[in-house]
Novice: 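The structure is given below, and queries will be raised subsequently.
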Amino acid sequence: GQQVMQIPQYQHVQEGEDFTTYCNSSTTLSNIQWYKQRPGGHPVFLIQLVKSGEVKKQKRLTFQFGEAKKNSSLHITATQTTDVGTYFCAGLNTNAGKSTFGDGTTLTVKP
Amino acid sequence: KAGVTQTPRYLIKTRGQQVTLSCSPISGHRSVSWYQQTPGQGLQFLFEYFSETQRNKGNFPGRFSGRQFSNSRSEMNVSTLELGDSALYLCASSLGRVNEQFFGPGTRLTVL
């Protein structure tokens with residue numbers, strides 16, 4: 001079945017440093033979504049990428065969808081303490097008929 | 001527009017018992033998915049319902065079941081609870097498969 005792998009599992013950074021999480025799918029995706037879950041909270045939708053090679057930005061966050069539509073990344077520039085949480089990617093495979101979530105990357109930021 | 005609501009928020013059960021969790025999606029959303037979240041295990045997909053039909057099912061034993069009503073509200077049931085069923089159960093609604101999912105606050109189930 002479809003597998004979505006996310007690395008790293010954990011990332012500890014000093015405030016102001018950059019952060020990147022990577023998402024890799026075993027199958028070609030129709031779209032990929034990114035979610036953020038704050039400690040004690042529930043996942044909240046951040047963005048959706050659909051096109052091959054697509055790049056989207058939200059303030060300090062940059063999202064990329066690979067040319068082959070099998071991988072994606074989320075990059076945060078100059079992390080802040082408000083960025084702490086777990087970032088999940090979710091890849092949609094229309095053949096499988098469902099989205100599969102990665103295991104998430106948990107980011108901690110040291111002030 | 002009201003968000004996704006889940007009841008109850010917390011639940012304590014003992015092994016062998018059964019439990020029913022409820023999810024009310026955002027008005028107009030016909031797709032409801034359920035996930036189990038345990039520390040270090042990410043979001044494990046349980047099942048997805050659309051217009052009262054189960055469209056997809058994850059790799060969970062038959063003790064886990066669900067249903068969706070005509071008003072799109074959904075319930076999931078776990079029978080013969082085991083200690084390993086202790087988890088946060090999240091419900092998410094969306095307009096459709098290709099759309100973003102809106103998660104509820106979850107039901108935290110503890111099995112003693």
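So that the names make sense, note that chain A is the first sequence line, chain B the second, and so on, each numbered from 1.
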Novice: Return the option, out of B:E48, B:Q44, B:E100, with the maximum number of heavy-atom pairs under 4.5 Å with chain A.
Specialist: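 Most heavy-atom pairs within the cutoff with chain A belong to B:E100.
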Novice: Measuring from atom CZ of B:F45 to atom CZ of A:F101, what distance do you get when rounded to the nearest 0.5 angstrom?
Specialist: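 Atom-to-atom, B:F45:CZ and A:F101:CZ are 10.0 Å apart.
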Novice: Does a donor on one side chain and an acceptor on the other come within less than 3.5 Å for A:Q37 and B:Q37?
Specialist: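 A pair is found: one side chain offers a donor N or O, the other an acceptor, under 3.5 Å apart.
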Novice: Pick whichever of B:Q101, B:R108, B:R55 has the most heavy-atom pairs under 4.5 Å with chain A.
Specialist: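 Looking at each option in turn, the highest pair count goes to B:Q101.
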Novice: Checking the side chain of A:Q33 only, and the main-chain atoms of B:N99 only, is there a donor and an acceptor separated by less than 3.5 Å?
Specialist: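 Between the backbone of B:N99 and the side chain of A:Q33 there is a qualifying donor-acceptor contact (under 3.5 Å).
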Novice: Please determine whether the number of non-hydrogen atoms from other residues, nucleotides or ligands lying under 6.0 Å from atom CZ of A:R38 exceeds 12.
Specialist: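 12 or below, so no.
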Novice: Tell me whether A:K57 at atom NZ has more than 12 heavy atoms from other residues, nucleotides or ligands lying less than 6.0 Å away.
Specialist: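 No, not enclosed.
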Novice: May I ask you to check whether over 12 heavy atoms, not counting those of B:R15, lie within 6.0 Å of atom CZ?
Specialist: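 No, the 6.0 Å shell around CZ holds no more than 12 heavy atoms from other groups.
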Novice: Taking atom CG of B:N71 as the centre, report whether more than 12 heavy atoms of other residues, nucleotides or ligands fall under 6.0 Å from it.
Specialist: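 Counting other residues, nucleotides and ligands, CG of B:N71 exceeds 12 neighbours.
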Novice: Taking atom CZ of B:F50 as the centre, report whether more than 12 heavy atoms of other residues, nucleotides or ligands fall under 6.0 Å from it.
Specialist: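 Counting other residues, nucleotides and ligands, CZ of B:F50 exceeds 12 neighbours.
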Novice: If I measure from the heavy atoms of chain A, does B:Y35 come under 4.5 Å with its side chain, its backbone, both, or neither?
Specialist: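 Just its side chain gets close to chain A.
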Novice: Side chain, backbone, both or neither: which part of B:L90 has a non-hydrogen atom closer than 4.5 Å to chain A?
Specialist: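 For B:L90, side-chain heavy atoms alone lie under 4.5 Å from chain A.
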Novice: Determine the minimum heavy-atom distance between B:V98 and A:L92, stating which atoms define it.
Specialist: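 Looking at all heavy atoms of both residues, the closest pair is CG1-CD2, 3.6 Å.
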Novice: Out of A:P43, A:S30, A:G104, return the one with the most heavy atom pairs under 4.5 angstrom to chain B.
Specialist: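 Highest number of heavy-atom pairs under 4.5 Å: A:P43.
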